Peer 1: 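What follows is a structure written as structure tokens; I'll ask about it next.
Side-chain atoms are counted along with the backbone in the values below, which use heavy atoms only and exclude waters and symmetry mates. Fair warning: this is a prediction, and the values are worked out from it, not measured in the lab.
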Amino acid sequence: MYAPLARRPLAFLGRCSVAFVEVALAVAVLCGAVVVGHDLRQFREWYGDPGTTHLWAPTPAPSPLAEPLR
């Protein structure tokens, strides 16, 4: 009916180790969210600024006014 006394500490240590892993993962996720979201407002301002050139953006087509200058 009841587990022997010698087995109970092992079960408790197993549960503690699982809880420790879960708490460590939760701390890692929270710290990562703080690090990633720290400068999010500055990133949005930089990304949305029309004067900023982004390397991955397509090259704009030349305007019709620039054609005669060639």
Peer 1: Can you pull out every ring-ring contact (aromatic ring centres under 6.0 Å, His included) where at least one residue sits in residues 16-38? Sequence neighbours excluded, please.
Peer 2: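 Sorted pair list comes back empty.
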
Peer 1: In a table with atom names and distances, give each donor-acceptor pair under 3.5 Å that connects a side chain of residues 22-29 to protein atoms at least two apart or in another chain.
Peer 2:
none

Peer 1: Only pairs under 3.5 Å count here: list side-chain donor-acceptor contacts from residues 42-49, not counting sequence neighbours, and write none if there are none.
Peer 2:
residue	atom	partner	partner atom	Å
D49	OD1	G51	N	3.3
D49	OD2	T52	OG1	3.1

